[in-house]
Each structure stands twice: as structure tokens, then as C-alpha cells.
Amino acid sequence: MRLTSYALTRARDEIFGLLEAQGPLLPYTAIADVEDRTDADHEPERPNSRARLAIRDVEDRADADLTVPVFAAAKAHGGNAVALAEKIAGSLDLAGTRFASVSAVKGYLNFKLDQTKFCSEVIHDFSRDPKRYGSCIRGEGQTIVIDYSSPNIAKPFSVGHLRSTIIGQALHNILSYLGYRVVGDNHLGDWGTQFGKLLCAFARWGSEDELKRNPTAHLLGLYVRFHEEAKVDASLELAARDWFRRLETGDEQTRSLWQRFVKSSTTEFGRIYDLLGVKFDSMRGESAYEDRLAGVIDRALASGAARREKPGAAMGTGGDEVGPNETVVIIPLDDKGIDTPLILQKSDGTSLYATREIATAEYRIERWHPEKMLYVVGKEQELYFRQFSAALAKLGIPVPCIHVTFGLVRLPEGRMSTREGRVVFLEDVISEAIRRAEAVVQDRDLSSEEKARISRIVGIGAIKYADLSQNRIKEVVFDWDRMLALDGDSAPYLQYAYTRTRSILRKSEVQSPKSKVPSPSSFALPEEIALLKSIARFPDAVVAAAEAYEPHRIAGRIYRLARDFSSFYDKAPVLKAETPELRDARLYLVEMTGRVLATGLALLGIEVTDRM
RNA sequence: GCGCCUGUAGCUCAGAUGGACAGAGCAUCGGAUUUCUAAUCCGAUGGUCGGGGGUUCGAAUCCCUCCAGGCGCGCCA
């Protein structure tokens with residue numbers, strides 16, 4: 001595979017080569033000897049051994065840029081690591097390499113890069129294609145479908161929907177940057193029993209006027225009321241099921257009412273997506289797969305993957321609504337180590353989420369032929385996705401489905417609950433974020449349009465970054481101040497660093513037309529070198545984020561970059577550098593920093609602005 | 001009851017494939033602006049990495065166990 005390579009990767013390769021040339025007494029061989037014994041594979045040895053040879057990037061250490069611990073090798077030879085490291089360090093010839101020195105320290109081989117060569121490499125990597133620095137072609141020729149956002153449109157868009165939406169969008173951006181063809185599919189929840197509830201509630205308590213005037217609030221009110229009344233009137237649940245049955249069997253009046261619910265919600269969601277800058281390549285409701293459902297069930301039964309059986313437990317609340325002849329269709333999964341079967345058809349003949357999800361997967365495969373499908377869906381559905389994956393396998397659908405999970409957003413007082421009206425609306429959060437950003441930008445010497453634009457970019461950036469900068473697996477307790485922080489480790493901090501780069505470059509253009517590729521030997525300050533190293537580490541972060549489906553790896557990397565830049569900014573005058581050469585060199589550094597910050601933020605779906 | 005996830009500084013979090021003294025932000029305290037935007041920078045205080053065992057030359061990271069919190073467990077999505 002042709003991979004775009006970057007300075008640090010090449011440096012690791014060179015260390016590997018140096019050690020390999022030393023002969024058999026070396027770490028990589030030793031590690032391979034020790035660990036390959038259990039492996040039956042006879043794959044090419046080099047990549048294998050190489051993967052096991054830890055060549056680590058070292059941060060914040062004066063005596064090393066890259067290090068190789070030789071403990072495992074020493075052990076394999078019955079020797080001692082300190083002595084082995086010294087022996088190797090003494091016999092390595094670094095002439096002509098990109099390393100200035102190697103030293104043995106307590107069992108580690110510490111390599112120092114030749115600063116000038118390293119700077120020159122990083123600059124070269126960057127100047128090759130400044131706008132695409134950090135990209136590569138590892139995904140070329142492969143398609144990935146990402147299912148993200150996928151809100152339930154019977155309910156208002158709450159902060160709970162935010163995570164799937166922005167994590168999914170970030171993954172879309174990141175994977176695209178690595179050359180994959182990515183299809184973002186918003187699988188709108190516009191079908192199912194919940195709509196039965198809504199239709200039922202509207203028939204009883206709904207108002208045409210309200211639906212026109214304030215659709216979301218009205219629907220939410222009906223939804224909440226339904227659940228309140230259902231607590232004392234058990235027949236409501238059954239009525240709702242019947243409404244859904246009428247919907248699914250094509251009752252015309254029911255359909256047209258449902259149509260209006262859907263329309264009013266999607267209009268509103270569209271507005272939020274615009275605000276957030278979130279885009280999809282495909283946006284289809286669950287209802288779009290309706291005509292495939294019967295086929296899914298038939299084929300599942302025909303293949304033997306599924307079977308009909310008597311319902312195990314009575315549905316609803318009464319207990320005897322299930323007629324003696326009624327059956328459910330299930331896919332048993334005990335053979336896959338999952339006790340609970342997946343139900344494809346209810347005893348009243350209607351479909352379930354899973355049925356529609358299988359139909360959706362089939363559609364996606366037919367239409368886009370993906371190598372894999374990602375589902376950015378909350379952790380509470382983990383069991384369901386294990387069932388779903390296992391079911392697809394039994395149905396002979398070979399495309400892997402990866403559940404990209406994330407933790408729930410909770411309120412300090414507990415779980416959010418639409419049906420109890422305990423939700424925080426995303427739109428309120430966005431408004432508040434923008435309001436707080438406005439307060440800061442208020443006394444800037446900028447036009448009011450400019451201030452409004454900046455506030456929007458900063459406020460929304462803060463919301464997104466608060467989420468994307470932490471591990472998605474952890475649950476989040478919603479907190480206004482935390483989500484909307486404008487200082488410290490936050491989007492505005494990164495955006496601000498970016499504006500500083502723009503400001504310098506803007507002013508420099510008055511005096512000289514553009515920054516030239518500098519002579520790397522100009523750099524001497526530790527802050528300059530630290531900044532270059534920070535830039536050099538960016539490409540690895542993008543790959544790590546893509547491999548683990550974890551955008552926060554990029555967030556962490558560019559936050560470090562912004563900090564390194566801020567320190568540099570404080571210590572190293574650019575426009576008033578001591579010599580013109582130094583000025584040009586620093587200008588280029590500023591240019592690189594700004595670009596990488598903007599690129600990293602863009603991958604997270606966060607915009608930048610020239611002034612703040 | 002069973003299964004999955006989480007537990008790192010007062011608070012919120014980084015620490016991928018085990019590696020050299022566990023790092024940030026916020027908060028607190030003290031400094032920095034005739035110089036490219038102070039939404040900034042520099043410094044200080046602050047940690048039995050939930051507890052206990054184990055594996056290893058080496059464990060926040062792997063294994064066991066206990067504790068705490070969250071989520072889930074056939075006709076909701």
C-alpha cells in the first residue's frame with residue numbers, strides 16, 4: 001500500500017533499519033523470538049517484528065526524541081538491559097542518518113534527532129501540500145457508511161442527540177481525510193410504536209392550531225401527556241399499538257397526519273443541522289424501508305435463521321390480548337452466545353426497530369457496497385447491536401457493522417426523559433453558547449455582523465469541542481459552564497491561537513508579500529523546536545483517531561499544538577525578529593501552525609475565524 | 001440475579017498496543033502587557049491512579065476479587 005509518510009514515521013523506520021543492520025543480537029529479533037513462538041503465522045517477518053519493536057515518541061524529555069526500551073530483548077538473551085543498551089549505543093553508526101546522537105540510559109536507547117534535518121523534513125512534509133497536511137491514502141478504494149445523528153423525530157432535538165451527531169460528523173470528516181469514500185446516512189426515526197402514541201394522543205387531545213403554530217412543543221406536550229395518562233389508563237398503550245398498526249397497514253387519514261408530524265420535525269431539525277454545520281449524504285426515514293420488511297422476514301424464515309413461535313410473555317399490560325393463534329418471528333441467538341433472541345415481528349404482525357434496521361443494512365449494501373458500516377449510537381444499545389450483528393451474520397450478510405458507542409448525557413438530577421419532560425433542548429444550549437461568546441466579543445472593534453458571525457463560530461465550537469475532546473465512552477453529566485467554557489482546554493482557546501497566527505500573517509503581508517520556505521537552521525529556541533515537533537505529531541493523531549473511531553485523539557493533539565504555539569508566541573517575536581531570515585522562518589512556522597490548527601478543528605467540525 | 005461500561009489532583013478530564021519521575025484545564029495563590037489581540041503566558045500548591053491480591057525486569061494500563069456509580073437483560077427505539 002502506498003502511504004503518505006511523515007517525518008516521525010520515517011524516523012522510526014530509520015531506527016528500525018539501524019537496529020536491524022546490527023545483526024541478530026538485537027531487540028526486534030529478540031522480541032520476535034520470544035513472542036512469535038505462539039504465533040502460527042509465517043507472514044513477512046519484518047513488519048511483524050517491527051510492530052513489536054517499541055520505538056516511542058518521547059515528549060518533554062531533553063535527552064531523547066525517540067526511544068527504544070531494550071528490556072524484552074535483554075531478557076530473551078538472558079542479559080541485562082542496561083548493558084545491552086550500552087552495547088548497541090556504542091556500536092551504532094549514525095553518520096548520514098537523521099539522528100544527531102544515541103545514548104543508553106537505564107535500558108533505553110535514546111535517539112536525538114538532528115534538529116536541522118528534522119525541521120527541514122517537517123517543513124518539506126508540510127509544503128508538499130499545506131492544505132492536506134496529515135492526510136493520506138490509506139482508505140483509498142474503500143467505502144464506509146456511517147449512521148449518525150438518526151434522531152427520533154417524534155421528540156425534540158435535545159442535547160442527548162448531540163453526541164451521535166457531532167461524533168458521527170467528525171468521523172465522517174476524519175475518514176474522508178484518510179481517503180475513504182464515506183457515506184453519512186441520517187436514519188431518521190419516523191416509524192414505530194412511538195408514532196402510534198403520538199397519533200393516539202393527537203386524536204384525543206391535539207389541536208390543529210397548535211400543530212401549525214408550534215409543532216415541536218405541541219408534539220412534545222402530547223407525548224408527555226400520553227405517558228402521564230397511560231400510568232393510570234393502561235388501555236392507552238394498546239390504543240397506541242393499534243394506531244401504529246393502522247399506520248403500518250396504510251390507513252390513509254392516519255398516514256397524512258403522520259406525514260405532517262414528520263414534516264414539521266424535519267424542518268426544525270434541518271435548522272439545527274444548518275446551525276451546527278452538520279451534513280449528510282443521505283437522509284432517509286425508517287419508513288422508507290417499509291416495503292422491504294416483509295421480504296426481510298420471509299427470507300429470514302426461509303433460510304432457517306428465524307422461526308415463528310408462541311409469544312413468550314404477554315404484551316401490553318393486560319395479559320390476555322394475545323390471541324391463541326398469534327405468533328412472533330424471532331431469530332434465536334443462543335448459538336452466538338446471546339440469550340435474548342432478536343424479534344422481527346410482533347404478535348400483531350407489525351415490525352420492530354430491528355426489522356427495519358436489517359432492511360436498512362441491506363439497502364445500504366446494495367446501494368453503496370461498503371467495506372464496513374459504522375453506527376454511532378449510545379452505549380445503552382450495546383446488547384441490541386450485538387444481537388443485530390449476530391443476526392446479520394446468521395442471515396449471511398457479510399459486511400461488518402461496528403457499533404461506535406458513546407456514554408449517555410445525563411442531568412445532575414438523573415437521566416433525561418422526554419416522556420417526563422425532563423430534557424435540555426439543544427437549541428437553548430446553542431443560544432446560550434452564542435450569548436456567552438457575544439459577551440466576550442462585545443468590546444472588540446468589529447462590525448456587528450462580524451461579531452455575530454464570530455459569536456456563532458465560537459459558541460458552537462465550544463459545544464462541539466466540549467464533547468469531542470473527551471473519550472466518547474464516558475457518560476456526560478450535562479453542565480452549562482463546562483459545556484460552554486471559553487477558556488482553558490476549549491475550542492475558543494484553539495480558535496484564538498489560530499486568529500493570532502492570522503493576525504501575524506496579515507500584518508506581515510504589508511511588509512513582505514508572502515512567507516517563503518525558510519532555512520531550517522534558523523531555528524534555535526526551544527519553543528520553535530517544540531512547535532515543530534508538535535506539528536510533526538499531528539498526522540499520527542489523525543490516523544489514531546480514525547483507527548479507534550476516537551476524534552478526541554485529534555483534539556488532544558491540536559490542543560497541545562495551540563499551547564506550544566502560545567508559548568512560542570510569548571517568547572519569540574515574529575515580525576520583529578532579530579534578522580530577516582529568522583523573521584521568514586518564524587513566519588513559516590506561524591503559517592504551518594495556523595494551517596494545522598484549522599485542519600484539526602475542521603476535522604472535528606469546528607470552524608475558525610481570522611479575528612476574535 | 002446475570003452481562004457490559006466507568007472509577008486518575010477539590011471539580012472536569014488526558015494518559016491506544018504494559019516502559020523511565022502520572023499530565024492538562026478549572027478553582028486557589030503569586031508573577032508577566034512601551035513588543036505580532038491578555039479568550040494569553042510563566043510559576044506555586046494539589047495525586048494511597050476506588051480497595052486488596054496476582055503476573056512481569058517494569059502495571060493507571062494485563063488477570064482475579066471486592067466496593068461505588070451508570071447502562072442493559074424477547075414483542076420500545
Side-chain angles (χ1 to χ4, degrees), chain A residues 51-52 54 56 58-61 64 67 69 71-72 74-75 80-81 105-108 110 150 152 154 189 191-194 197 241 286 309 311-316 322 326 328-330 332 338-348 350 352-354 356-357 377-384 386-387 405 407-408 410 415 437 440-441 444 458 466 469-471 473-477 479 481-482 485-490 492-493 495-497 499-501 503-508 544 547-548 550 552-553 555-556 559-560 563 566-567 569-576 586 590 611-612:
Chain A
R52 291 186 169 115
R56 315 183 80 88
V58 185
E59 291 191 62
D60 300 328
R61 231 188 130 84
T67 190
F71 302 99
K75 192 181 177 190
N80 130 335
V105 185
K106 295 190 290 187
Y108 294 84
N110 284 347
S150 305
N152 192 327
W191 208 242
T193 314
Q194 53 187 331
K197 290 175 181 174
R241 289 176 62 103
E286 287 183 67
E309 69 171 33
M315 67 177 186
V322 183
E326 291 182 340
V328 291
V329 176
I330 63 156
I338 302 170
D339 298 335
T340 16
L342 195 66
I343 301 180
L344 291 184
Q345 189 177 52
K346 294 192 263 188
S347 55
D348 66 356
T350 58
L352 283 119
Y353 181 49
R356 303 188 283 273
E357 203 67 82
V377 177
K379 210 171 50 172
E380 66 275 13
Q381 291 192 32
E382 198 158 4
L383 172 62
Y384 165 72
R386 277 181 48 227
Q387 291 178 289
T405 61
L408 212 66
R410 300 192 309 136
R415 199 173 174 164
V440 181
V441 86
R444 296 283 193 278
V458 169
S469 63
Q470 79 175 259
N471 195 327
I473 206 75
K474 298 200 180 186
E475 74 176 33
V476 172
V477 176
D479 178 82
D481 292 334
R482 185 174 142 55
L486 303 179
D487 57 359
D489 186 359
S490 68
Y493 178 82
Q495 291 166 321
Y496 180 67
T499 64
R500 285 176 142 184
T501 69
S503 177
I504 292 172
L505 291 165
R506 200 163 51 232
K507 294 195 171 161
S508 76
E547 281 182 346
E550 290 180 347
H552 81 284
R553 293 175 187 278
Y559 171 63
R560 282 299 304 261
R563 278 176 55 205
S566 294
S567 301
Y569 184 93
D570 207 59
K571 284 273 170 12
V574 177
L575 299 177
K576 295 188 178 171
R586 285 181 178 165
V590 169
R611 293 172 218 261
M612 277 174 73

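Throughout, a chain's letter reflects where its sequence line sits, starting with A, and its residues are numbered from 1. FYI, side chains are in, hydrogens and waters are out, and symmetry mates aren't considered; it's all heavy atoms of this structure. Because the structure is a prediction, the values reported are computed rather than measured.
- Under a cut-off of 6.0 angstrom, the local environment of CZ in Arg611(A) is sparse, with at most 12 non-hydrogen atoms contributed by other residues, nucleotides or ligands.
- Comparing the C1' positions of C5(B) and G10(B) gives an interatomic distance of 26 Å, to the nearest angstrom.
- In this structure, His552(A) does not reach the A16(B) phosphate: none of its side-chain N or O atoms is under 4.0 Å from OP1 or OP2.
- Rounded to a whole Å, the CG atom of Leu408(A) is 14 Å from the C1' atom of C4(B).
- Among A16(B), G25(B), A77(B), the nucleotide with an atom closest to any side-chain atom of Gln381(A) is A77(B).
- Side-chain atoms of Ile504(A) lie closest to C36(B) of the nucleotides A77(B), C36(B), U40(B).
- Out of U40(B), C5(B), A39(B), the shortest distance to the side chain of Ile473(A) is found at C5(B).
- Of the two residues near RNA chain B, Tyr353(A) and Thr499(A), the one whose nearest nucleotide lies more 5' is Thr499(A).
- Rounded to the nearest Å, the gap between the P atom of C71(B) and that of C62(B) is 24 Å.
- Rounded to the nearest 0.5 Å, atoms OH (Tyr353(A)) and CG (Asn152(A)) are 9.5 Å apart.
- A donor N or O paired with an acceptor N or O is not found under 3.5 Å between the base of A38(B) and the side-chain atoms of Asp487(A).
- Between Arg241(A) and C76(B), a side-chain N or O to OP1/OP2 separation shorter than 4.0 Å is present.
- The phosphate of A39(B) has OP1 or OP2 within less than 4.0 Å of a side-chain N or O from Tyr496(A).
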When you compare the protein's N or O atoms with those of nucleotides 31-33 of chain B, which come within less than 3.5 Å of each other, and at what distance?
none

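- One atom, CD of Gln470(A), and another, P of C11(B), lie 16 Å apart when rounded to the nearest Å.
- For A38(B), the OP1/OP2 oxygens have a side-chain nitrogen or oxygen of Arg500(A) closer than 4.0 Å.
- Nearest-nucleotide positions on RNA chain B for Gly189(A) and Glu380(A) put Glu380(A) closer to the 5' end.
- Within the nucleic acid shown, Gly556(A) has no heavy atom closer than 4.0 Å to any nucleic acid atom.
- Counting non-hydrogen atoms under 4.0 angstrom, Ala572(A) reaches a base of the nucleic acid.
- Look at CZ on Arg482(A): it is 13 Å from C1' on A24(B), rounded to the nearest Å.
- When heavy atoms are screened at a 4.0 angstrom cut-off, Glu59(A) is found touching no nucleic acid atom at all.
- Residue Lys474(A) places at least one side-chain N or O under 4.0 Å from the OP1 or OP2 atom of A14(B).
- Distance CD/Glu357(A) to CG/Leu352(A): 12.0 Å, rounded to 0.5 Å.
- Relative to the side chain of Thr193(A), the nucleotides C76(B), A20(B), C41(B) differ in distance, and C76(B) lies closest.
- Nucleotides G69(B) and A27(B) place their P atoms 31 Å apart, quoted to the nearest Å.
- The phosphate of G72(B) has OP1 or OP2 within less than 4.0 Å of a side-chain N or O from Arg415(A).
- In this structure, CG in Asp339(A) is found 10.0 Å from CD in Gln387(A), a value given to the nearest 0.5 Å.
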Chi angles and distances behind the side chain to side chain contact (heavy atoms under 4.5 Å, CB included) call for Glu309(A), Val328(A)
CA-CA 6 Å; Glu309(A) 69 171 33; Val328(A) 291; 4.0 Å; yes

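- There is a side-chain donor-acceptor pair under 3.5 Å between Tyr493(A) and Ser566(A).
- In terms of phosphate contacts, Ser567(A) brings a side-chain nitrogen or oxygen within less than 4.0 Å of OP1 or OP2 of C42(B).
- Residues Val476(A) and Gln470(A) meet the side-chain proximity criterion, which asks for heavy atoms closer than 4.5 Å.
- In this structure, CG on Asn80(A) lies 9.5 Å from CZ on Phe71(A), to the nearest 0.5 angstrom.
- At the phosphate of A39(B), OP1 or OP2 sits under 4.0 Å from a side-chain N or O atom of Arg444(A).
- Within the nucleic acid shown, Val590(A) has no heavy atom closer than 4.0 Å to any nucleic acid atom.
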Are Val574(A) and Tyr569(A) close enough, and set up right, to give a side chain to side chain contact (heavy atoms under 4.5 Å, CB included), and what steps lead you there?
CA-CA 8 Å; Val574(A) 177; Tyr569(A) 184 93; over 6 Å; no

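- The side chain of Tyr559(A) places no N or O atom within less than 4.0 Å of a non-bridging phosphate oxygen (OP1 or OP2) of G15(B).
- Across the protein-nucleic acid pair, Arg563(A) atom CZ and C26(B) atom C1' stand 14 Å apart, rounded to whole Å.
- The Arg553(A) side chain lies nearest to G15(B) when the options are A20(B), C4(B), G15(B).
- With P as the reference atom, G1(B) and U45(B) are 46 Å apart, rounded to whole Å.
- Within the structure, every side-chain polar atom (N or O) of Arg586(A) is placed at least 4.0 Å from both OP1 and OP2 of C36(B).
- For the OP1/OP2 pair of A38(B) and a distance below 4.0 Å, the side-chain nitrogens and oxygens of Tyr569(A) include at least one atom meeting the criterion.
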Would you sketch RNA chain B in dot-bracket for me? Only Watson-Crick or G-U wobble pairs with both distances under 3.5 Å count, crossing pairs as [ ], other-strand pairs as |, the rest as dots.
(((((((..((((.....[...)))).(((((.......))))).....(((((..]....))))))))))))....

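- Looking at heavy-atom distances under 4.0 Å, Asn471(A) makes contact with sugar-phosphate atoms alone, never a base.
- Rounded to the nearest Å, the gap between the P atom of C26(B) and that of C63(B) is 35 Å.
- Atom C1' of A59(B) sits at a distance of 11 Å from the matching atom of G54(B), rounded to the whole Å.
- Distance NZ (Lys106(A)) to P (A20(B)): 10 Å, rounded to an integer number of Å.
- If you take atom C1' in C41(B) and the same atom in A77(B), they sit 50 Å apart, rounded to whole Å.
- When heavy atoms are screened at a 4.0 angstrom cut-off, Ile330(A) is found touching no nucleic acid atom at all.
- In this structure, the separation between CG on Leu486(A) and OG on Ser490(A) is 6.5 Å, given to the nearest 0.5 Å.
- Spacing between C42(B) and G51(B) at atom P, rounded to whole Å, works out to 32 Å.
- Closest to the Val58(A) side chain, of the nucleotides C73(B), A20(B), U40(B), is A20(B).
- Across all strands, Phe71(A) comes closer than 4.0 Å to base atoms (heavy-atom distances).
- Close to A20(B), at under 4.0 Å from its OP1 or OP2, lies no side-chain N or O of Thr67(A).
- Atom-to-atom distance recorded for His552(A):NE2 and Lys474(A):NZ is 9.0 Å, nearest 0.5 angstrom.
- Applying the side-chain hydrogen bond (donor to acceptor under 3.5 Å, both in side chains) test between Glu475(A) and each of Arg410(A), Lys379(A), Arg415(A) identifies Arg410(A) as the sole match.
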